[in-house]
Amino acid sequence: MPAPRTERPVRIGYARTSTARQELASQLEALHRAECRKVFHEQISTRIKVRPELDKALALARQFKEAAPETPVIFTVHELKRLARNAAELMTLSAELQVGGIPLELLTGPLTGTYDPNGKTLEGQVTAAAKGNHGGRPKVIDDDMLTFAVALKDKGVPVPEIAKKLVIKTGKNAGKNPSVASLYRAFAEAENAAADDGLPLRPKPVRIRRPGGPLTPEEIDLRERLQAQPHPNTEIRS
């Protein structure tokens, strides 16, 4: 008997950068190497809810699947952060793909692989990744430690001194101080993550208003909302 005919999958690619300074060519090259039939790309932050090129890519993937139900259609991106900021956003998009029977493919990063839209593989791995478990060693410096460390660094405290003030909470090194190298690496990763989404690592300085100076629209709105609240000592009469 002749072997059953198998259709080559149709891949629809999507690439994204947040700023003009970020390099897009490596994403496009990886998507073309993956033999994507069509690649959509845009410069836009993941904070923006509406991403036109992402919507076009998803729409084309659905059109291919509707036109040829027996042909595998795969939605392909370079890595997780090009598609979503966190596990919750990724799961929402995955659910949308699942409705159309379209697998999601990540070419690199901790979640590398193609995920069956009818399975739970993606959900389990995304949940693990959100907790910092990528199948390797646990995070030495968690988010709370990093926030504290950044605050000390902004005050001019030397990195070796900051490391002595931090204590690892979990793993085989629990109770010990992180290494200076680990701390430098955590600072670099935080700066890269902030830059990827166009966000500053440090908080924006607070605007100090001189007495008698004009109020901003936000300050006027806040004042009106505060004035509209009942005084805490006001008696409630029935």
Side-chain angles (χ1 to χ4, degrees), residues 15-24 26-27 42-49 51 54 77-93 106-112 125-210 213 215-219 221-222:
R16 181 193 66 82
T17 61
S18 294
T19 66
R21 292 176 298 172
Q22 293 175 353
E23 192 261 335
L24 185 66
S26 60
Q27 292 184 57
E42 58 192 336
Q43 178 193 320
I44 193 169
S45 170
T46 47
R47 291 177 297 165
I48 306 300
K49 299 270 186 184
R51 284 177 268 165
L54 175 59
V77 295
H78 189 245
E79 56 185 328
L80 167 61
K81 65 182 179 181
R82 303 304 171 193
L83 193 60
R85 287 183 299 172
N86 51 46
E89 290 184 0
L90 182 60
M91 290 311 303
T92 299
L93 181 57
L106 303 176
L107 298 179
T108 189
L111 297 178
T112 299
Q125 292 204 30
V126 167
T127 301
K131 295 178 180 178
N133 178 14
H134 302 313
R137 294 176 297 175
K139 284 179 69 174
V140 171
I141 300 174
D142 61 24
D143 293 339
D144 291 340
M145 293 168 65
L146 181 59
T147 300
F148 178 57
V150 169
L152 292 178
K153 186 170 180 283
D154 288 345
K155 291 181 179 180
V157 179
V159 174
E161 293 299 320
I162 297 175
K164 294 177 182 178
K165 297 178 183 294
L166 303 178
V167 178
I168 300 172
K169 298 177 182 178
T170 59
K172 65 179 182 179
N173 293 320
K176 298 180 180 179
N177 305 120
S179 67
V180 174
S182 295
L183 190 51
Y184 273 119
R185 188 160 52 246
F187 284 143
E189 291 175 354
E191 289 174 355
N192 290 337
D196 180 69
D197 208 24
L199 298 173
L201 179 61
R202 297 174 179 81
K204 184 178 179 180
V206 177
R207 172 181 175 269
I208 300 176
R209 185 177 65 87
R210 295 179 180 275
L215 297 177
T216 65
E218 292 80 6
E219 290 170 336
D221 178 67
L222 176 60

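Predicted model, so just to flag it, every value in this text is computed and none were measured.
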K.L.:
Specify the closest pair of heavy atoms between Ala174 and Lys169, including all atoms of both residues, with the distance to one decimal.
P.N.:
CB-O, 3.7 Å
K.L.:
Heavy atoms, side chains only, cut-off 4.5 Å: are Asn177 and Leu166 in contact?
P.N.:
no
K.L.:
For Ser45 versus Ser18, what's the shortest heavy-atom pair and its separation?
P.N.:
CA-OG, 4.0 Å
K.L.:
Looking only at heavy atoms, what is the nearest atom pair of Val167 and Pro178, with distance?
P.N.:
N-CD, 4.5 Å
K.L.:
Can you tell me how far apart NZ (Lys81) and CG (Leu106) are? Round to the nearest 0.5 Å.
P.N.:
13.0 Å
K.L.:
If you take all heavy atoms of Ser182 and Ile141, which pair is closest and at what distance?
P.N.:
O-CD1, 3.7 Å
K.L.:
Using salt bridge (Lys or Arg N to Asp or Glu O under 4.0 Å) as the criterion, list what pairs up with Lys165, not counting sequence neighbours.
P.N.:
none
K.L.:
To the nearest 0.5 Å, what is the distance between CZ (Arg51) and CD1 (Ile44)?
P.N.:
7.5 Å
K.L.:
Once rounded to the nearest 0.5 Å, what's the spacing between atom CZ of Arg16 and atom CD of Glu42?
P.N.:
8.0 Å
K.L.:
Does the side chain of Thr108 reach to within under 4.5 Å of the side chain of His78, using non-hydrogen atoms?
P.N.:
yes
K.L.:
Atom CG of Leu24 and atom CD of Gln43: how far apart are they, to the nearest 0.5 Å?
P.N.:
9.0 Å
K.L.:
Kindly compute the distance separating CD (Glu79) from CG (Leu107), expressed to the nearest 0.5 Å.
P.N.:
9.5 Å
K.L.:
Can you tell me how far CD1 of Ile162 sits from CG of Leu152, rounded to the nearest 0.5 angstrom?
P.N.:
5.0 Å
